[in-house]
Amino acid sequence: MARRTLLASGLASLLPARLAAQTLRPGATSPGIRIAPDQEAMVPVDGGRIYVRVNGALAARKPPILFIHGGPGSSHWSWLNATALADERAVILYDQLDCGRSDRPGNPANWTVARYLSEIEAIRAHFGINRWHVLGGSWGGTLALEYGATKPAALAGLVLQSPLISTDIWLRDAADLKAAMPADVRDLLDRCDTPGAAPQAACDAATAAFYARHVRQVQPPVDIAAYRDALPVPFAEPLYNHMWGRAEFTCTGTLKDYDGQPLLDQLDAKRTLFVAGVDDEARPETVANFAIAAGARFEAIPQAAHSIMLDNPEAYLALLRSWLSRIDA
């Protein structure tokens, strides 16, 4: 008991940002990144309007690609390195309702898989896109899975990056990853699942240690960080808490029973790519098994955790350029 008290007080002295700063390496900005959009729109959807930005020409020969952010509750800033692809095709980034620059009605009735899924088609219809690629990461991978399973005629290719396919499997993987953390951090993380069992600052610091290993391994470059900090809502915590919970390895929200595994065999296997970071909280072995179930290709990105486009944009963009070019037709 004394050791636990000392542990909590010691970790409580470290602010989460300071702990992360000691363990995260500097992030890189992709050559060709476009911080400013070429065009913007507020697209009407059920419940309000969502912010959408485009870089590159939507009428280019190669189909555009839509990137779906994770969370639930994150925003489009983490995909900014992907705008380097705009030299060959249009890159579309957007904020889901109640996130980023989108409208923020704050109504939990809007916070459902089906309603967020409907935003994808709203974007395509608004811009009059006949053929496109769709890439979703994490919770965005859930939406991409749901979208791909409908076999839309407009879908040229689908990328499921570090996707949430099954909450039960996700939490089992998270438990294994927590078990591999240093014993003092692991003990504190377990205690923090009970409200009030440990000081909040200590819980935040321990969670930051897990995130630095398995969620994001870099400090965003200055230009990307400045863009993120200028967003009205870089991260919508109430939405995240409602649909997921307090942290990546604990689910108490509406997604607690989500299971998209039956949708895997409904994907167009030849036009689907699964991706994970080598150190991803969506463990590469698990994501590879999802790819096998779908009959699709899988690739692991080195020197990356869950936030692959920030952790290793060079390797990720090279993979996307190669794969997209093969399936553009």
Side-chain angles (χ1 to χ4, degrees), residues 15-17 20 24 27 33-37 39-55 66-83 91-120 122-123 126 135-144 161-162 164 200 204 207-208 211 215-216 218-248 250-255 306-307 309-310:
L15 293 175
L24 302 186
I33 188 176
R34 306 186 186 190
I35 296 293
Q39 61 176 296
E40 300 170 287
M42 293 297 289
V43 176
V45 297
D46 290 343
R49 302 169 305 158
I50 58 172
Y51 172 81
V52 186
R53 54 169 280 171
V54 181
N55 287 102
L66 173 76
F67 286 82
I68 310 174
H69 69 71
S74 188
S75 47
H76 71 275
W77 72 270
S78 61
W79 291 125
L80 282 174
N81 276 321
T83 59
V91 174
I92 307 168
L93 312 181
Y94 78 103
D95 290 325
Q96 295 157 28
L97 194 67
D98 280 300
C99 302
R101 291 195 173 101
S102 292
D103 287 346
R104 300 185 299 280
N107 183 357
N110 293 321
W111 300 347
T112 67
V113 173
R115 203 215 55 79
Y116 280 116
L117 175 62
S118 71
E119 294 179 348
I120 300 174
I123 294 170
H126 178 86
L135 185 155
S138 193
W139 148 250
T142 307
L143 297 175
Q161 181 226 294
S162 317
L164 169 67
Q200 187 59 49
D204 290 344
T207 299
Y211 284 15
V215 179
R216 176 165 54 82
V218 304
Q219 290 282 15
V222 172
D223 50 356
I224 293 180
Y227 183 95
R228 174 199 63 195
D229 294 343
L231 293 174
V233 182
F235 181 73
E237 188 171 356
L239 168 56
Y240 180 79
N241 291 341
H242 178 85
M243 294 192 73
W244 187 254
R246 74 166 190 87
E248 292 290 275
T250 301
C251 185
T252 55
T254 57
L255 289 171
H306 198 55
S307 305
M309 192 60 78
L310 288 166

Worksheet, complete the sentence: Contacts satisfying salt bridge (charged side-chain N to carboxylate O under 4.0 Å, His left out) that involve residues 107-119 (not counting sequence neighbours) are Arg115-Glu119
Item to complete: Would you sort out whether Val113 and Leu255 count as a side-chain contact (heavy atoms from CB on, under 4.5 Å), showing the intermediate values?
Response: CA-CA 9 Å; Val113 173; Leu255 289 171; 3.9 Å; yes
Worksheet item: Step by step, would you call Thr254 with Thr112 a side-chain contact (heavy atoms from CB on, under 4.5 Å)?
Response: CA-CA 8 Å; Thr254 57; Thr112 67; over 6 Å; no
Looking at [X] and [Y], what are the two nearest heavy atoms and their distance?
X	Y	value
Asn81	Ile33	OD1-CD1, 3.5 Å
Ser138	Gly70	CB-CA, 4.4 Å
Ser118	Asp46	OG-OD2, 4.5 Å

Does the side chain of [X] reach to within under 4.5 Å of the side chain of [Y], using non-hydrogen atoms?
X	Y	answer
Leu66	Ile123	yes
Asn110	Pro105	yes
Val43	Arg49	no
Thr83	Asn55	yes
Leu143	Ile120	yes
Pro232	Arg104	yes
Leu93	Val52	no
Leu80	Phe67	no

Does [Y] offer a backbone N or O that forms a donor-acceptor pair with the side chain of [X] under 3.5 Å?
X	Y	result
Thr252	Gly245	no
Gln161	His306	yes
Ser75	Phe235	no

Practice prompt. Could you go through the side-chain contact (heavy atoms from CB on, under 4.5 Å) check for Gln96 and Trp111 one step at a time?
Written response: CA-CA 10 Å; Gln96 295 157 28; Trp111 300 347; over 6 Å; no
To the nearest 0.5 angstrom, please state how far the [atom1] atom of [X] sits from the [atom2] atom of [Y].
X	Y	atom1	atom2	value
Arg246	Tyr240	CZ	OH	9.0 Å
Met309	Ser162	CE	OG	11.0 Å
Asp95	Leu231	CG	CG	6.5 Å
Leu135	Ile92	CG	CD1	12.5 Å

Worksheet entry | His69: ring pair (Phe, Tyr, Trp, His ring centres under 6.0 Å) partners, not counting sequence neighbours | none
Discussion item. Please enumerate all residues that pass ring pair (Phe, Tyr, Trp, His ring centres under 6.0 Å) together with Tyr211, with sequence neighbours excluded.
Written reply: none
Practice prompt. Please list all pairs passing the side-chain hydrogen bond (donor to acceptor under 3.5 Å, both in side chains) test where one or both residues lie in residues 220-230, with sequence neighbours left out.
Written response: Thr29-Asp223, Arg53-Tyr227, His76-Tyr227, Arg101-Tyr227
Discussion item. If the condition is side-chain contact (heavy atoms from CB on, under 4.5 Å), which residues does Asn241 pass it with, not counting sequence neighbours?
Written reply: Glu237
Discussion item. Can you list everything that forms a side-chain contact (heavy atoms from CB on, under 4.5 Å) with Ser78? Sequence neighbours excluded, please.
Written reply: Leu310
Response to the item:
side-chain contact (heavy atoms from CB on, under 4.5 Å) test vs Trp244 passes for just one of Leu239, Thr250, Leu164, namely Leu164
Discussion item. One pair to check against side-chain contact (heavy atoms from CB on, under 4.5 Å): Val91 and Val54. What are the steps and the verdict?
Written reply: CA-CA 6 Å; Val91 174; Val54 181; over 6 Å; no
Practice prompt. State yes or no: are the ring centers of Tyr94 and Tyr51 separated by less than 6.0 Å?
Written response: no
